[in-house]
Amino acid sequence: MKDMYLFLLSTSYLLLKATGTKEVIFGHNNFTEYQVGNMNLILSVPHGGSMEPKDIPDREAACWDAKSSSCIFSHECPPGSTQNSKKCKVSTNQDRYTIELAQALAEEINEITDGFFPHIIINHLQRFKMDANREKDEASFGIPQAEQAWEEYMGFLTTAKSQMRGGLILDIHGQAHPERWIELGYTLSKTSLNSGIFSASCSSISHLASQLVNVSSETLVSGNRSLGKYIEDQNNSYVCVPSPSNPSPNNGSYYSGGYITKTFGSRNSGTIDAIQLELPQWVRAAEERPRFCKALARAVMKFWQTNYCSQYHHEFLPC
Ligand SMILES: *[C@@H]1O[C@H](CO)[C@@H](O)[C@H](O)[C@H]1NC(C)=O
Ligand SMILES: *[C@@H]1O[C@H](CO)[C@@H](O)[C@H](O)[C@H]1NC(C)=O
Ligand SMILES: *[C@@H]1O[C@H](CO)[C@@H](O)[C@H](O)[C@H]1NC(C)=O
Ligand SMILES: *[C@@H]1O[C@H](CO)[C@@H](O)[C@H](O)[C@H]1NC(C)=O
Ligand SMILES: *[C@@H]1O[C@H](CO)[C@@H](O)[C@H](O)[C@H]1NC(C)=O
Ligand SMILES: [Zn+2]
């Protein structure tokens, strides 16, 4: 039964490959977009959007409720709570050029693999309208249109995942940290990376780790089989953390992974892994982006071939 399913799946992949058509599904008002791929890789772009519909109010600081010591994500603070920009600050910065970057990365992967295309899921709303990398209440402040877009985004991720037995999500972001390095998030905290005592089985690539029984957590996250290693191998100016050059962030700025990486990766369950890519401004900029995307595509496919193809014995596309 399983083999039959796989066979049918491969046949439809080949058809897609042969015709070169790509299905694109839009959410309500085109706030979200799902480009259906034909391989076991998903690119997620939650913060690159630039749509600013007037009828969705801007997300600003939420309401602090002293009684429950919690933030209430609403544009109108319920009695007993008040707007508090210190305790209940929300992030609203767009991650510039991440949509363009994901698109260029997908094209490069398509070229290298001769016809395979990752799934691409995009939130086109400005982050100050809806944040697709947060829990629903913080993401949409109870505004029905924003909630619908959030649900559609998560629905697209779920649909893409349901088409594969195993695979990888790359959640693509941008940051402006002074280190100008590429931060790879596995939901392992800065503290645990710094201590050197961590287990990949508690990370967002937990499933991969469970398959590669003889590969240490260090090797997979910061060593010879890590994504950071393969990116740095392309050109050592693409400094990554964690990686062989920087096994841990030490005192540097570092994002370890947000809602999507935690929820849709394999940390808690499932066979689909996730890695958050936090890219510095200079690799996203127009001058560097084409070169960087070529390098990143090669690095991702190396990571794939080394770690996933051995695991799935060539049922895993493309191996
Ligand atoms: C959504 O985008 C498609 C394709 O670009 C376009 O044809 C359609 O009119 C758009 N719909 C809305 C509601 O903007
Ligand atoms: C793991 O390593 C041990 C000891 O070298 C070896 O006996 C075993 O076959 C290896 N397992 C796999 C799955 O490679
Ligand atoms: C990684 O690979 C290099 C070069 O092949 C080798 O010298 C080094 O010992 C390896 N490191 C680990 C931790 O396996
Ligand atoms: C590495 O990348 C930098 C930035 O794009 C570039 O200036 C440099 O020439 C590259 N080095 C090599 C060896 O390709
Ligand atoms: C981190 O530590 C290094 C060396 O110990 C130092 O040069 C650097 O300024 C520090 N950075 C921050 C942000 O504290
Ligand atoms: Zn982001």
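Note that ligands are numbered from 1 as they come in the structure, with each ligand's atoms numbered from 1 the same way.
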statement: For His47, the N, O or S atom at the shortest distance from the Zn ion (ligand 6) is ND1
- request: For ligand 1, find out whether one of its N or O atoms is nearer than 3.5 Å to an N or O atom of Asn30.
  value: yes
message: Starting from atom 11 (N) of ligand 4, what is the nearest protein heavy atom, named by residue and atom, and what distance separates them?
response: Asn235 ND2, 3.0 Å
message: Strictly under 2.8 Å, is the Zn ion (ligand 6) approached by any N, O or S atom of Asp95?
response: yes
message: Please tell me whether Asn224 and Thr219 have a donor and an acceptor in their side chains that are separated by less than 3.5 angstrom.
response: no
query: So, Asp273 versus Tyr308: side-chain donor-acceptor pair below 3.5 Å or not?
result: yes
Atom indices of ligand 4, in the order listed, that fall short of 4.0 Å to a heavy atom of Ser237: 1 (C), 2 (O), 3 (C), 4 (C)
field: atom 7 (O) of ligand 4 - nearest protein heavy atom and its distance
entry: Arg291 NH1, 4.3 Å
- prompt: Looking at Ile120 and Gln103, what are the two nearest heavy atoms and their distance?
  reply: CD1-NE2, 3.6 Å
Heavy-atom pair with the smallest gap, counting every atom of Tyr254 and Val241: CE1-O, 3.7 Å
Backbone N/O of Trp181 and side chain of Gln175: donor-acceptor pair under 3.5 Å: yes
message: In the complex you have, is atom 13 (C) of ligand 4 within reach of the protein, judged by whether a heavy-atom distance drops under 4.0 Å?
response: no
query: Under 3.5 Å, is there a donor-acceptor pair between the Glu152 and His28 side chains?
result: no
query: Any non-hydrogen protein atom below 4.0 Å of atom 9 (O) of ligand 4?
result: no
- request: Please check atom 2 (O) of ligand 1 for a protein heavy-atom neighbour under 4.0 Å.
  value: yes
query: With no hydrogens and no angle check, do the side chains of Asn123 and His47 hold a donor and an acceptor under 3.5 Å apart?
result: no
message: Give me the nearest non-hydrogen protein atom to atom 4 (C) of ligand 4 as residue plus atom name, then the distance to 0.1 Å.
response: Glu288 OE2, 3.5 Å
message: Nearest 0.5 angstrom please: Asn29 CG to Met51 CE, how far?
response: 6.5 Å
- line: Which atom of His173 is nearest the Zn ion (ligand 6), counting N, O or S only? It is ND1
